[in-house]
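Right, one structure below, let's go through it.
All values derive from a computational prediction rather than experimental measurement.
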Amino acid sequence: MNQTQWTLKSFRDLLLKCVAERDLFTGKTLHARYVKSLVASSTYLSNHFVNLYSKCGRLSSARAAFDCTEQPNVFSYNVIVKAYAKDSKIHIARQLFDEIPQPDTVSYNTLISGYADARETVSAMILFKRMRELGFEVDGFTLSGLIAACCDRVELIMQLHCFAVSGGFDSYSSVNNAFVSYYSKGGLLREAVSVFYGMGELRDEVSWNSMIVAYGQHKEGAKALALYREMILKGFKIDMYTLASVLNALTSLNDLIGGCQFHGKLIKAGFHQNSHVGSGLIDFYSKCGGRNGMSDAEKVFQEILSPDLVIWNTMISGYSMNEELAEEAVRSFRQMQRIGHRPDDCSFVCVSSACSNLCSTSQGKQIHGLAIKSHIPSNRISVNNSLISMYYENGNLQDARRVFDRMPELNAVTYNCMIKGYAQHGRVTDALLLYQRMLDSGIAPNNITFVAVLSACVHSGKVAEGQNYFNTMKERFKIEPEAEHYSCMIDLLGRAGKLEEAERFIDSMPFKAGPVAWAALLNACRKHKNIALAERAAKELMAMKPNADTPYVMLANMYTDAGRWEEMAAVRKLMRSRRIRKKPGCSWIEVKKKEHVFVAEDWSHPMIREVCEYLEEMMKKMKELGYVMDKKWAMVKVDEAGEGEEEMRLGHHSEKLAVAFGLMSTGHGEEIVVKKNLRICGDCHNAIKFMSEVADREIIVRDNLRFHCFKDGKCSCGDYW
């Protein structure tokens, strides 16, 4: 071997090492030397420079290197097609694919995988059909990409499964692993289990990891942990993906102690700084850690050496699940951008969820604008679904529907979001019509669909219709009712005054009723003044959620309404002995992109004096129209109340103050959206109806249960709430 050959071989070996290790700095140095050298252009070396830039996320450099390749071959095209597909520019990837003089099976597999990443199911299937018509050989990579492209369309996955078995492709571990993952994602755990155990000796580490994740996704955490132990006994290698799968299982079990113990093992094994495992730990603590959950998640985040996009997304998701930390989620999203990470669809879904919990509507609109300007394909359903939720949660049902109508493709989640939005806003007819449209379009409803539909019936008192939908779940769609469905039925019966039927329903549930069901029953008892049943519901709630103030407050209020002052005093004494404090009523409103907070009987707002004066003048006009203050909501004993105390208390409820501030601070036609942390009180509900009539304004109030849209002296709830 002469000196030139040895030098060329060393250059090639060093370049391959740069590609394998994603060493961009050394690779760029080699590229500069290659360009300046007098050596004839090598397609082989040029291809690897394209590959290096692609793997390092430098798409423009990859394209420049490709364009400088004098004689690009099929490998050259495959690399650049993959680069554009991974960068969410599938249309350019397709253009380059069509330019390939003689594409091979890898070319087709690369573009099919790109379509899978872009969730373009139809395009992937059309390409697969063309591939077969032209006589190209289908392999395991082809099938794996197609299965991923099916997303949650289980009917297509089943057809591909039949094709795989008849064609002998079920002998590929990668194909079976894909079936395990996507059957699970499509809600078909039984089929995923069948594929996994049918693989026999074909099962590899990916197979076991996929099945552990599948059990975790379906809240079968105990089975996932048992499978993990079996995996160890059989001698399979435990890697970061396995450990992340186990964390997912522990999260599904809500096993804080077990998760902390497992965290200790990860630290001893040196995996705690791994980004993949770290993402699982952050997710675990954010969901299972209670009050200190996000604090522990932040500690995990700080220990990770180089947080990637997935880690940031998991942190943002954790913050977004806690209403009080929604602003922190948005700050983390901005920080992620500042350090150079480009948001993907998951980033936008998480931050949109956080914006749903903010009083600020402008933040959500900014995120929507950023999503439009990003490289995420316009038909990325998950982002649009999250935007629909964000808009209706912020009281903007019109923009939510606008996003819905402009979506090129809809799925079950899309319909669920829009149906739920209509239900929460009291637009029951629209919700049920949309459900029927969903059925007519051939999209099968799922358990979440029926929660949304039943909620619509709850908010409108449609008892017969609700019972029919509940029965339809199991009889027609083979969906077993879960705790949320039973809670909706209890709420539906209770609000309609059918308390005995609601009690029988809760006693006949196939599993123990949870706090949501008992809270629904307690709320119904409050409405219909059934103290005996309320005492039972409150007792159950106190046992299940000992630190929650709701059962104590509601029971005390019921005793107050009934004039049973001794029992009321006993409940309040019990609260003090257990150190349980009533959560103060708090309302938020955004005016001119600034958030304003009002707390009941609190004088800290800088304009509180002006607000109270405005409210007093408004009250005079309201009384002229027939408004009478309902003093029972003041919750004070009549003979113990000082002169004007009841009026003062009711007049300074947080929602009244926030609405008054909104009216005096905005012009006619500007939206007024108030959010409250508790349920709106009866007197405030009545008062705001009059305020909307006096001011001739539309006022939207979102309490902890639903939206109330006040206009012309009426509320969208029809006073059924």
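Under the side-chain hydrogen bond (donor to acceptor under 3.5 Å, both in side chains) criterion, Tyr391 pairs with His368, sequence neighbours left out. Remark: Asn416 pairs with Asn446, Thr449 by the side-chain hydrogen bond (donor to acceptor under 3.5 Å, both in side chains) rule, at least two apart or across chains. Residues meeting the side-chain hydrogen bond (donor to acceptor under 3.5 Å, both in side chains) test with Tyr183, sequence neighbours left out: His161. Thr242 meets the side-chain hydrogen bond (donor to acceptor under 3.5 Å, both in side chains) test with Asn209, Asp239; sequence neighbours excluded.
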Considering only distance and modelled atom types, tabulate donor-acceptor pairs under 3.5 Å from the side chains of residues 165-180, sequence neighbours left out.
from: Ser166; atom 1: OG; to: Cys162; atom 2: O; distance (Å): 3.1
from: Ser166; atom 1: OG; to: Phe163; atom 2: O; distance (Å): 3.0
from: Ser171; atom 1: OG; to: Gly168; atom 2: O; distance (Å): 2.9
from: Ser173; atom 1: OG; to: Leu202; atom 2: O; distance (Å): 2.7
from: Asn176; atom 1: ND2; to: Asp170; atom 2: O; distance (Å): 2.7
from: Asn176; atom 1: ND2; to: Tyr172; atom 2: O; distance (Å): 3.1
from: Asn177; atom 1: OD1; to: Ser207; atom 2: OG; distance (Å): 2.5
from: Asn177; atom 1: ND2; to: Ser173; atom 2: O; distance (Å): 3.2
from: Asn177; atom 1: ND2; to: Asp204; atom 2: OD1; distance (Å): 3.3

Distance-only donor-acceptor pairs under 3.5 Å for side chains of residues 465-472, two or more places apart:
from: Gln467; atom 1: NE2; to: Glu501; atom 2: OE2; distance (Å): 3.2
from: Asn471; atom 1: ND2; to: Gln467; atom 2: O; distance (Å): 3.1
from: Thr472; atom 1: OG1; to: Asn468; atom 2: O; distance (Å): 2.7

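Separation of the Phe404 and Tyr415 ring centroids falls under the 6.0 Å cut-off. Aromatic pair Tyr228/Trp208: centroids not less than 6.0 angstrom apart.
Taking both residues in full, the closest heavy atoms of Ser386 and Phe348 are given as OG-O, 4.1 Å, listed atom of the first, atom of the second, then distance.
Using the six-membered ring where Trp is involved, Tyr486 and Phe511 have ring planes that are perpendicular, over 60° apart on the 30 and 60° scheme. Ring planes of Phe477 and Phe450: tilted class, angle from 30 to 60°. Ring geometry, Phe75 versus His48: the interplanar angle falls from 30° to 60°, so the pair is classed tilted.
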Can you list the steps and then say if Thr142 with Asp139 is a side-chain hydrogen bond (donor to acceptor under 3.5 Å, both in side chains)? CA-CA 5 Å; Thr142 315; Asp139 60 18; 2.8 Å; yes
